[in-house]
Amino acid sequence: MSYWLFKTEPDVFGIADLKKRPNQTEHWDGVRNYQARNFLRDEIKQGDKVFIYHSSCDNVGIAGVAEVVREGYVDPSQFDPESKYYDPKSSMDTPRWYMVDVKFIRQFKRVLSLKEIKANPALAEMPLVQKGNRLSVMPVKAAEWQVLLQMAGD
DNA sequence: GCCAACGTTGGC
DNA sequence: GCCAACGTTGGC
């Protein structure tokens with residue numbers, strides 16, 4: 001089993017929204033970055049655990065945990081001209097973009113802030129804290145996962 | 001809202 | 001294949 005971190009903007013879709021979904025499950029669609037796509041398509045497996053990270057908001061950090069319940073499959077929003085994720089250059093034959101389904105596990109009592117994450121030397125290798133990194137789907141090492149869970153404190 | 005840093009596009 | 005221009009990300 002592997003660990004991951006998914007970024008999301010809580011104003012659009014946050015962990016509270018995931019919790020409220022039927023079955024507490026949702027498609028993680030709209031990822032339009034090739035490196036992140038490769039993780040979604042090739043490496044993220046059912047049963048993997050995921051930190052849900054809130055970005056572009058007034059409480060930036062890790063908000064909780066989810067689990068992958070369906071492995072990579074084609075993201076249909078790329079074919080929908082009405083979708084903001086529409087990609088006119090993608091085709092049904094050779095789709096560009098993939099997604100997984102994630103299920104809510106729990107929401108931390110408080111968001112584990114980016115500031116705290118940056119302050120911990122054990123987490124210095126995470127892409128998340130490296131300057132200019134914009135990956136929205138990234139791997140988390142097992143040791144980092146444990147450290148982060150302890151810091152979250154519940 | 002600002003702006004640095006990044007990934008993508010497209011002309012050549 | 002190069003690289004300037006552009007649009008986006010995301011912390012602050």
Side-chain angles (χ1 to χ4, degrees), chain A residues 2-21 26-44 48-66 68 71-102 104-141 143-145 147-154:
Chain A
S2 303
Y3 301 102
W4 306 92
L5 182 147
F6 290 3
K7 289 182 187 172
T8 187
E9 297 185 21
D11 295 341
V12 179
F13 184 85
I15 193 149
D17 300 299
L18 180 60
K19 188 177 182 179
K20 282 185 285 192
R21 280 288 188 270
E26 185 57 288
H27 331 288
W28 206 263
D29 63 358
V31 174
R32 296 292 181 267
N33 166 282
Y34 287 104
Q35 198 179 351
R37 185 282 308 272
N38 291 344
F39 290 136
L40 290 168
R41 186 187 59 189
D42 305 331
E43 299 194 38
I44 298 177
D48 284 1
K49 297 294 196 300
V50 179
F51 280 134
I52 303 298
Y53 175 90
H54 285 173
S55 68
S56 299
C57 60
D58 54 12
N59 199 5
V60 170
I62 297 174
V65 180
V68 177
E71 293 178 13
Y73 61 109
V74 173
D75 178 350
S77 66
Q78 66 196 298
F79 306 124
D80 176 8
E82 302 297 312
S83 170
K84 70 170 178 171
Y85 301 128
Y86 178 58
D87 182 352
K89 293 179 180 168
S90 188
S91 73
M92 297 275 191
D93 292 341
T94 54
R96 282 187 175 183
W97 307 115
Y98 285 74
M99 63 184 185
V100 300
D101 290 356
V102 297
F104 174 86
I105 291 184
R106 74 176 178 280
Q107 181 169 9
F108 295 151
K109 292 190 180 67
R110 62 178 191 95
V111 171
L112 175 56
S113 73
L114 178 60
K115 190 177 174 185
E116 293 170 86
I117 296 168
K118 281 181 171 171
N120 190 329
L123 305 173
E125 287 183 16
M126 292 186 72
L128 184 68
V129 300
Q130 275 153 33
K131 187 174 181 180
N133 193 286
R134 291 162 40 174
L135 254 193
S136 60
V137 170
M138 71 182 75
V140 176
K141 293 175 185 168
E144 293 165 344
W145 180 272
V147 168
L148 288 160
L149 270 190
Q150 281 192 358
M151 291 171 73
D154 69 332

Span of DNA chain B in contact with chain A (heavy atoms, under 4.0 Å):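 The contact span of chain A on DNA chain B goes from B/dA5 to B/dG10.
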
Sugar-phosphate only, base, or nothing, as touched by A/K89 at under 4.0 Å among non-hydrogen atoms: sugar-phosphate

Sugar-phosphate, base or nothing in reach of A/S56, heavy atoms under 4.0 Å: base

From CA spacing to verdict: side-chain hydrogen bond (donor to acceptor under 3.5 Å, both in side chains), A/S55, A/E9: CA-CA 5 Å; A/S55 68; A/E9 297 185 21; 5.0 Å; no

Partner set under salt bridge (charged side-chain N to carboxylate O under 4.0 Å, His left out) for A/D80, not counting sequence neighbours: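 Not a single residue meets the salt bridge (charged side-chain N to carboxylate O under 4.0 Å, His left out) criterion with A/D80.
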
With sequence neighbours excluded, residues passing ring-ring contact (aromatic ring centres under 6.0 Å, His included) with A/W4: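 Applying ring-ring contact (aromatic ring centres under 6.0 Å, His included) to A/W4 gives A/F39.
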
A/F79: partners by ring-ring contact (aromatic ring centres under 6.0 Å, His included), with sequence neighbours left out: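 Expected list: none.
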
Side-chain donor-acceptor pairs of residues 109-121 of chain A under 3.5 Å, sequence neighbours excluded:
residue, atom, partner, partner atom, Å
A/K109, NZ, A/D154, OD2, 3.3
A/R110, NH1, A/E116, OE2, 3.1
A/R110, NH2, A/E116, OE1, 3.1
A/R110, NH2, A/M151, O, 3.4
A/S113, OG, A/E116, N, 3.1
A/S113, OG, A/E116, OE2, 3.0
A/E116, OE2, A/S113, N, 3.1
A/N120, OD1, A/A122, N, 2.9

Centroid-centroid distance, A/Y85 to A/W97, less than 6.0 Å: no

Whichever of A/K131 and A/Y34 has its nearest DNA chain B nucleotide further upstream toward 5': A/K131

Close approaches to DNA chain B from residues 132-141 of chain A, in residue order (heavy atom, under 4.0 Å): A/G132, A/R134

Between A/D42 and A/Y98, a side-chain donor and acceptor under 3.5 Å: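 Note: A/D42 and A/Y98 side chains miss the donor-acceptor criterion.
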
Exercise: do A/R32 and A/S77 side chains pair donor with acceptor under 3.5 Å: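 Yes, because at least one side-chain N or O of A/R32 sits under 3.5 Å from a partner of the opposite role on A/S77.
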
